[in-house]
Each structure stands twice: as structure tokens, then as C-alpha cells.
Amino acid sequence: MVQKPMSANNDATSRICLALAQVPTGRVVTYGGLAEMAGLPRAARLVGQTLRKLPRDTTLPWHRVLNAQGRISIPEPGYQRQKSRLEAEGIVLIHGKVDLERFLWQP
DNA sequence: CATGTGACTCCCG
DNA sequence: TCGGGAGCCACAT
């Protein structure tokens with residue numbers, strides 16, 4: 001079998017997934033916060049790209065990731081999907097945004 | 001090795 | 001509250 005070009009990838013991706021898996025139900029984190037948790041400070045955009053690539057059937061709580069303002073940062077139809085999942089966990093959105101002071105998860 | 005990209009963030013008006 | 005612009009990081013080409 002040879003191969004596996006394996007672009008540097010996996011490392012950062014797995015770290016992000018591991019960090020995301022730690023976010024408990026009913027709590028949220030920001031892209032930047034998750035990046036920091038993954039040991040990639042300031043790589044918020046990378047987190048976004050990584051989450052965007054997750055399969056629809058992933059078990060990871062991708063919906064618990066919001067932008068620094070507590071707002072859902074993805075376009076439709078993803079927006080509605082994320083909003084529904086959040087509300088299903090008791091995370092309330094007021095005027096389209098989550099009160100981070102109340103739901104942000106900080107270990 | 002150079003260039004383009006984005007589910008980001010911060011700052012300013 | 002909203003929009004524009006600069007900064008940033010790692011990945012894709």
C-alpha cells in the first residue's frame with residue numbers, strides 16, 4: 001500500500017474535533033475559543049473551515065460553536081439547523097443571538 | 001515557494 | 001446596530 005500524501009492536516013483537525021467533543025450539552029464556545037482550546041490560538045477561521053467539512057452525520061456538537069458575538073455565523077440552510085439544535089438543548093437565542101455571559105463554556 | 005480563501009475577530013466611523 | 005477594512009492562521013492550489 002504505499003502512500004497517503006497526508007497533507008499536514010490531520011493534526012489540527014483532530015485537535016479541533018477533540019476540543020469540540022469536550023463542549024457539554026447546553027453550553028457553547030466561540031470559534032476563537034475553540035481554536036485556543038485546540039492549541040491553535042487565533043486560528044478561528046481554520047475552525048470554521050474544519051467544521052464546514054464535517055459530514056452531516058457527525059456526532060460532534062458542531063452547533064455549539066458561535067462567533068465572538070454569540071451569533072450563528074453560517075448561511076442558510078445551516079443557520080436554521082444550528083438554531084434548532086441549540087434550542088433543543090435549552091440554549092435560547094434572543095434577537096438571533098446567544099447570551100455568552102450565560103451559555104459560554106469555560107473550563 | 002507564492003497566492004487565494006474563509007462557518008473569524010477586532011476596531012472605527 | 002451595521003458595514004467596511006486590516007490582521008491572522010493554516011490549508012488548498
Side-chain angles (χ1 to χ4, degrees):
Chain A
M1 310 221 323
V2 261
Q3 45 79 77
K4 221 309 182 176
M6 190 169 61
S7 30
N9 195 311
N10 278 328
D11 189 49
T13 299
S14 59
R15 285 191 180 189
I16 292 173
C17 289
L18 287 174
L20 177 57
Q22 299 175 60
V23 183
T25 302
R27 284 285 146 107
V28 301
V29 289
T30 63
Y31 290 93
L34 187 57
E36 191 174 350
M37 286 171 59
L40 298 166
R42 294 172 201 77
R45 308 186 71 152
L46 176 62
V47 171
Q49 282 185 116
T50 300
L51 297 187
R52 180 170 63 75
K53 297 170 185 171
L54 289 176
R56 294 175 124 301
D57 59 22
T58 181
T59 60
L60 291 171
W62 57 272
H63 55 282
R64 297 182 192 140
V65 186
L66 305 168
N67 63 31
Q69 287 134 62
R71 292 180 159 297
I72 289 177
S73 189
I74 66 180
E76 295 291 359
Y79 185 95
Q80 284 303 324
R81 279 223 312 149
Q82 182 166 12
K83 181 171 180 289
S84 298
R85 285 170 179 264
L86 288 174
E87 299 181 321
E89 301 188 347
I91 298 172
V92 303
L93 280 77
I94 300 176
H95 296 323
K97 88 181 168 195
V98 171
D99 181 351
L100 296 183
E101 294 289 313
R102 200 157 110 94
F103 299 99
L104 183 62
W105 181 62
Q106 23 200 1

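Note on naming: letters A, B, ... go to the chains in the order of the sequence lines (proteins, then strands), and numbering restarts at 1 for each one. The figures that follow rest on heavy atoms only: side chains count, while hydrogens, waters and symmetry mates do not.
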Sugar-phosphate, base or nothing in reach of Arg42(A), heavy atoms under 4.0 Å: sugar-phosphate
Nearest to side-chain heavy atoms of Leu40(A), which nucleotide of dA10(C), dC11(C), dC8(B): dA10(C)
Sugar-phosphate only, base, or nothing, as touched by Thr50(A) at under 4.0 Å among non-hydrogen atoms: nothing
Ile16(A) CD1 to dC9(C) P, straight-line distance once rounded to whole Å: 14 Å
Length of the line joining Gln49(A):CD and dC8(B):C1', which is rounded to integer Å: 10 Å
Lys53(A) NZ - dA12(C) C1' separation (whole Å): 8 Å
Partners passing side chain to side chain contact (heavy atoms under 4.5 Å, CB included) against Ala43(A) (at least two apart in sequence or in another chain): Ala35(A), Leu40(A), Leu46(A)
d(CG, Leu51(A); P, dA7(B)) in whole Å: 11 Å
Integer-rounded Å distance: dC2(C) C1' and Gln69(A) CD: 11 Å
Pro107(A): partners by side chain to side chain contact (heavy atoms under 4.5 Å, CB included), with sequence neighbours left out: Trp105(A)
Between dG4(B) (P) and Leu46(A) (CG): distance, integer Å: 20 Å
Closest non-hydrogen atom pair, Arg64(A) against Val23(A): NH1-O, 2.8 Å
Pair of N/O donor and acceptor under 3.5 Å linking dC8(B) base with Arg45(A) side chain: yes
Atom-to-atom span, CZ of Arg71(A) to P of dG3(C) - whole angstrom: 11 Å
Nucleotide nearest Lys97(A) (side chain, heavy atoms from C-beta), chosen from dA10(C), dT1(C), dA7(B): dT1(C)
Atom-to-atom span, CG of Leu34(A) to C1' of dA10(C) - whole angstrom: 15 Å
Rounded distance (nearest 0.5 Å) linking atom OG1 of Thr30(A) with atom CZ of Arg71(A): 15.0 Å
